[in-house]
Enquirer: 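Next up is a structure, given as structure tokens.
Predicted model, so just to flag it, every value in this text is computed and none were measured. Here is how names work: the chains are called A, B, and so on, in the same order as the sequence lines, proteins then strands, and each is numbered from 1.
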Amino acid sequence: MASKFIGITTAALLLVSGCARTIDEKSALAGSITVAGSTSVQPISEVLAEHFTLTHPGVRINVQGGGSSGGIKAARELAADLGASSRPLKPEEKGLHEFIIAWDGIAVIVHPTSPLRSLSLDEVKAVFAGSVVNWRGIGGPEGTIMVVTREEGSGTRGAFEEIVMGKDPITDRAIVLNSTGAVAAAVAGDPLAIGYVSLAAVRPGIAALSIDGVMPSAEAIASGRYRIARPFLYLTAAAPEGVVRAFLDFILSPEGQAIVEREGLVPVN
Amino acid sequence: MNAATHERLARLLVGAAAAITIALLVTVVMGVAAPGAAHITPSFLFTSPRSMGREGGIAAPLAATVLLLGVALAVAAPVGIGTAIWLTEYLRQRWLVAFITFATESLAGVPSIVFGLFGFAVFVLRFRMGWSVWSGGLTLALMILPTIVRTAQEALRAVPPGYREGALALGATRWQALTRMLLPAAWPGIATGMILSVGRAVGETAAVLLTAGSALGMPRHLGDPARSLAVHLYILAAEGISLEKAYATGTVLIILIVLVNALANRLARPPRAGKERWPWSRRPSSNSKKSKSVTMTCRPSPASRSAFRARR
Amino acid sequence: MAAVEPRASQSSGRGARHAEVVAKILLAASATLAAGGILVITLFVAASGWPLLQQTGWWAFVSGRVWSPGTGVFGILPMIAGSVLVTLGALVFGCGLGLPAAIYLAEFAPRRLAGAVRQGVQLLAGIPSVVYGFYALTVLVPLIRRVSSGSGYSVLTGGIVLGVMILPTVVSLSEDAIAGVPAEHRLGALALGATRWQTMVRVLLPAARSGLVAAIILAAGRAVGETMAVIMVTGNVARFPSSLFDPVRTLTGNIALEMAYAAGEHQEALFATGLVLFLFTMSLNLLARAAGRRKRPG
């Protein structure tokens, strides 16, 4: 029975590889590259890869998650051809080739029934640092604030900490969730909750606050008026060439940037 | 309170507990399947995901799941069944049997996240397999090994000694007795164990995410990274990409589990008396089993019971 | 691999002996592989976490109340408490429901119904934990929030979700244990005029005790090791909870949340967490074996 199983897997394997071979020779460009890192960048990477491979059927782009810090590590250790990060590199992480493929706003979100529509950056900081624990403290109704944050190592958290928190840590009373969707669901389900997610993830059921009087939007981020924004970075250990170069060129071309915009992100200039 | 009222009340209570258990099952299954079922169409099953899974279907994750399971079984089945045979039929040192049994059972108690860490550090990094069907399949193989060993062991033990004695008396070697008589007799139990272990592997998320990766493309060979159905579901839900597709994927997973269970139950049913190949030594149907039926309870076959028990 | 050509073995006596030897070697090799697996995994986890344990010391690591990777302080007592509390909650819920259900299935349910329920419970065991987590996040968390003053992400929520997840283990193993009591016990009790329920409480349950204990311990092992569902509903706050409605972080949650980006000392600390978790489940396994064995000597 053992050999039967091996036979079946081998057959399946041959079948799958046989299928792939037939489409290979269409475009001059061929090869397989891996993009790994930030789960915030993963969706846009997948869409970009999908469009790129339409015109280059010989190319295969594997998009992996792993988190921003994982992506930086993967690029350095050559575990991936392109590392993806959704936060700027720290000084000790420098030394990689960086390519900004898009900008993303981080929206501070609350339940749609919350009467609050606007906070100052300092108020947001006070809430996440835990120095204000009741909504009354920032002009809201009576009620304990439920602070929701991302896990350490998340690029969204990294960027939020850098821009909003400065040197102060996020309160250790905050609920920690490890994905954009989970934070959105948590805030959508609790009138007293506050969290932060990628602007592209703001959907009906949660409400983005304006910060210092500016609502997050592509224009506000591009002009720099909305301050909680971060770059989506692609990283390589060496100067990119071949398929990697072609993919980067595609992303930064008008066509690639149009896709970026369509997905709710802010194009690079 | 007299005995009769007491009895009625107690039965009511335990019956209620069973009813609540089933109600929970129905709630969870319906909670996922009701919003999901409408989206399951042939095109959902046979087209690959587009725009990160927001559109399109689940062909690639489905294929990835099959490949991962194929690798896991191709590795774990021979090793697991071989181990079981060695333990039950060959090894005479009882302490060694106890030790190896303990080791494999401990493997069953290892949290899947630890398997994931191991697979990532060893297969993905150390052996340079990268995120691939190989890495994921080997990690899953380690995870399902205990189930296969345990069920195969119990299935072999359930074969009456008469089989062995008869074969040896006819001049067969141990190996011949094994391949011609014992394995065929124990096969339903062994197969059930393998199928149930597949059930566990289908739903595994954490370990697969760390070892096979989450690339959305159709895997072309075993060195390619792959996103299994469970990982696809996790990402759809966790990244808030599409709840509709998440529910639909979850429903497909549940249907897969139902099919796997049905298959296992079917195989585990003992062969009918008329079809028995060895009429001189009936399967374990001694007094204990007959007298148990006095209590009017329905017991599944020993094979299915052992397989079920092994599944934790 | 094990399927060596058996046909060659029947032709001659020597061929058969050769096949026998080859088979034996292959079988022994596979057993070594299987047993080696656990050793390698244990060694791997231990070796990866060892340097940190050497540095901070075992006791400081497991009794430290502060987990702050940024400043290099690693104490996992809150996570141990989290795992223990959530597991206890799961046991209360899972056994409170599962044991009576098992009693019903084993002795009182009509045949067909029992078969159907058994299949249903089996299905419950097969549903991926992500599905439970996702469902609990959208339904149970808001529900708990409404009945408590907290956020809904809590010890209680985790306990309930895990309780449902261990139900199949509890039900099937305890049913086995009850059904495994020799029929003579039952007949004897009934012959003495006991009702079915009296038989159950006075005779069957005491007789099945060791099997029931083993079932509960194994279920606890499963609850301790669960990751994906727990991470979605317990809130993952690395602090000591002061009530059932406070959020907690479990040992598994600690690993899964931070592994992706951890490096150096921090990564070692997570492996050390894995080692503690491993010792936890391993001792539960040993306990279950000891409990299960007491019944049948030889």
Enquirer: For B:Val14 versus C:Tyr104, what's the shortest heavy-atom pair and its separation?
Expert: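 Taking B:Val14 first and C:Tyr104 second, the nearest heavy atoms are O-CB, 3.6 Å.
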Enquirer: Working to the nearest 0.5 Å, report the span between CD of B:Glu89 and CG of C:Leu27.
Expert: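 That separation rounds to 10.0 Å.
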Enquirer: Before giving the answer on side-chain contact (heavy atoms from CB on, under 4.5 Å), spell out for C:Glu20 and B:Gln176 the whole-Å C-alpha distance, their side-chain angles and the decisive distance to 0.1 Å.
Expert: CA-CA 9 Å; C:Glu20 187 76 1; B:Gln176 287 166 336; over 6 Å; no
Enquirer: Is B:Tyr90 in contact with chain C via its backbone, its side chain, both, or neither, using a 4.5 Å heavy-atom distance?
Expert: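 When you check distances to chain C, only side chain atoms of B:Tyr90 fall under 4.5 Å.
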Enquirer: Apply the test side-chain contact (heavy atoms from CB on, under 4.5 Å) to residues B:Phe102 and C:Met282: give CA-CA distance (whole Å), side-chain angles for both, the deciding distance (0.1 Å), then the verdict.
Expert: CA-CA 10 Å; B:Phe102 173 70; C:Met282 189 77 113; 4.1 Å; yes
Enquirer: If you round to the nearest 0.5 Å, how far is CZ of B:Arg11 from CZ of C:Phe108?
Expert: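 Going from the CZ atom of C:Phe108 to the CZ atom of B:Arg11 covers 5.5 Å.
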Enquirer: Look at the side chain of B:Thr83 and the backbone N and O of C:Ala34, then say whether any donor-acceptor pair between them is shorter than 3.5 Å.
Expert: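 Checking the backbone N and O of C:Ala34 against the side chain of B:Thr83, no donor-acceptor pair under 3.5 Å is found.
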Enquirer: Rounded to the nearest 0.5 Å, how far does CG of B:Leu117 lie from CG of C:Leu270?
Expert: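 Going from the CG atom of C:Leu270 to the CG atom of B:Leu117 covers 8.0 Å.
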Enquirer: Counting only heavy atoms closer than 4.5 Å, note whether C:Ile41 contacts chain B via side chain, backbone, both or neither.
Expert: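 Both parts, heavy atoms under 4.5 Å.
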Enquirer: State the CD1-CG distance between B:Ile113 and C:Leu251, to the nearest 0.5 angstrom.
Expert: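 With rounding to 0.5 Å, CD1 (B:Ile113) is 12.0 Å from CG (C:Leu251).
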Enquirer: Identify the two heavy atoms, one from C:Arg196 and one from B:Glu7, that lie closest to each other, and give their separation to 0.1 Å.
Expert: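 Minimum heavy-atom contact is CB-OE2, 3.1 Å.
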Enquirer: Below 4.5 Å, heavy-atom pairs only: which of B:Ala10, B:Ala246, B:Gly203 has the largest tally toward chain C?
Expert: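 Highest number of heavy-atom pairs under 4.5 Å: B:Ala10.
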Enquirer: Please classify the contact between B:Val114 and chain C as side chain, backbone, both or neither, with a heavy-atom cut-off of under 4.5 Å.
Expert: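 For B:Val114, side-chain heavy atoms alone lie under 4.5 Å from chain C.
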Enquirer: To the closest 0.5 Å, what do you measure between OG (C:Ser30) and CD1 (B:Ile85)?
Expert: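 Answer for the OG-CD1 pair, C:Ser30 versus B:Ile85, is 8.0 Å.
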Enquirer: Which atoms of C:Thr227 are under 4.5 Å from chain B, going by heavy atoms: the side chain, the backbone, both sets, or neither?
Expert: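 For C:Thr227, the side chain is the part near chain B, not the backbone.
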Enquirer: At a 4.5 Å cut-off on heavy atoms, which part of B:Leu96 comes close to chain C: side chain, backbone, both, or neither?
Expert: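 When you check distances to chain C, no heavy atom of B:Leu96 falls under 4.5 Å.
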Enquirer: Heavy-atom pairs under 4.5 Å with chain B are the metric here; pick the option from C:Gly133, C:Gly98, C:Gly225, C:Ala31 that has the most.
Expert: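 When all of C:Gly133, C:Gly98, C:Gly225, C:Ala31 are compared, C:Ala31 has the most.
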Enquirer: Should C:Val22 and B:Trp175 be marked as a side-chain contact (heavy atoms from CB on, under 4.5 Å) after you check the CA-CA gap, both sets of side-chain angles, and the distance that decides it?
Expert: CA-CA 10 Å; C:Val22 172; B:Trp175 179 248; over 6 Å; no
Enquirer: With only heavy atoms counted, which part of B:Thr249 is less than 4.5 Å from chain C, the side chain, the backbone, both or neither?
Expert: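 For B:Thr249, neither part sits under 4.5 Å from chain C.
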Enquirer: Does C:Val117 form a side-chain contact (heavy atoms from CB on, under 4.5 Å) with B:Thr21? I'd like the steps, not just the answer.
Expert: CA-CA 9 Å; C:Val117 173; B:Thr21 303; 5.8 Å; no
Enquirer: Please flag which part of B:Leu25 lies under 4.5 Å from any non-hydrogen atom of chain C: side chain, backbone, both or neither.
Expert: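 Its backbone and side chain both get close to chain C.
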Enquirer: Could you tell me which portion of C:Leu277 (side chain, backbone, both or neither) has an atom closer than 4.5 angstrom to a non-hydrogen atom of chain B?
Expert: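 Side chain only.
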Enquirer: Identify the heavy atoms of B:Ala17 and C:Ala101 that sit nearest to each other, and give their distance.
Expert: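 B:Ala17 and C:Ala101 have their closest heavy atoms at CB-N, 3.7 Å.
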Enquirer: Does any non-hydrogen side-chain atom of C:Tyr135 lie less than 4.5 Å from one of B:Thr27?
Expert: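 With C-beta onward as the side chain, the pair touches.
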Enquirer: Counting only non-hydrogen atoms closer than 4.5 Å, does B:Leu142 touch chain C with its backbone (N, CA, C, O), its side chain (CB onward), both, or neither?
Expert: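 Contact with chain C involves the side chain of B:Leu142 alone.
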Enquirer: Report which part of C:Val45 has an atom under 4.5 Å of a heavy atom belonging to chain B: side chain, backbone, both, or neither.
Expert: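 Just its side chain gets close to chain B.
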Enquirer: To the nearest 0.5 angstrom, please state how far the CG atom of B:Leu233 sits from the CE atom of C:Met228.
Expert: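 Reported to 0.5 Å precision, the distance equals 10.0 Å.
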Enquirer: Output the option from C:Phe278, C:Phe271, C:Trp197 having the highest count of non-hydrogen pairs under 4.5 Å with chain B.
Expert: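 Option with the top pair count is C:Trp197.
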Enquirer: Between C:Ile166, C:Leu286, C:Val139, who has the most heavy-atom pairs with chain B when the cutoff is under 4.5 Å?
Expert: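 The answer is C:Leu286.
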Enquirer: Please state whether the side chain, the backbone, both or neither of C:Phe280 comes within less than 4.5 Å of a heavy atom of chain B.
Expert: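 It is neither, since no heavy atom gets under 4.5 Å.
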Enquirer: Please classify the contact between C:Val224 and chain B as side chain, backbone, both or neither, with a heavy-atom cut-off of under 4.5 Å.
Expert: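 C:Val224 has no heavy atom closer than 4.5 Å to chain B.
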Enquirer: Mind listing the closest non-hydrogen atom pair of B:Trp86 and C:Lys24 along with its distance?
Expert: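 Heavy atoms only, the tightest pair is NE1-O, 4.1 Å.
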Enquirer: Select one option (side chain, backbone, both, neither) describing which atoms of B:Phe120 are under 4.5 Å from chain C's heavy atoms.
Expert: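 Nothing of B:Phe120, per the 4.5 Å heavy-atom cut-off to chain C.
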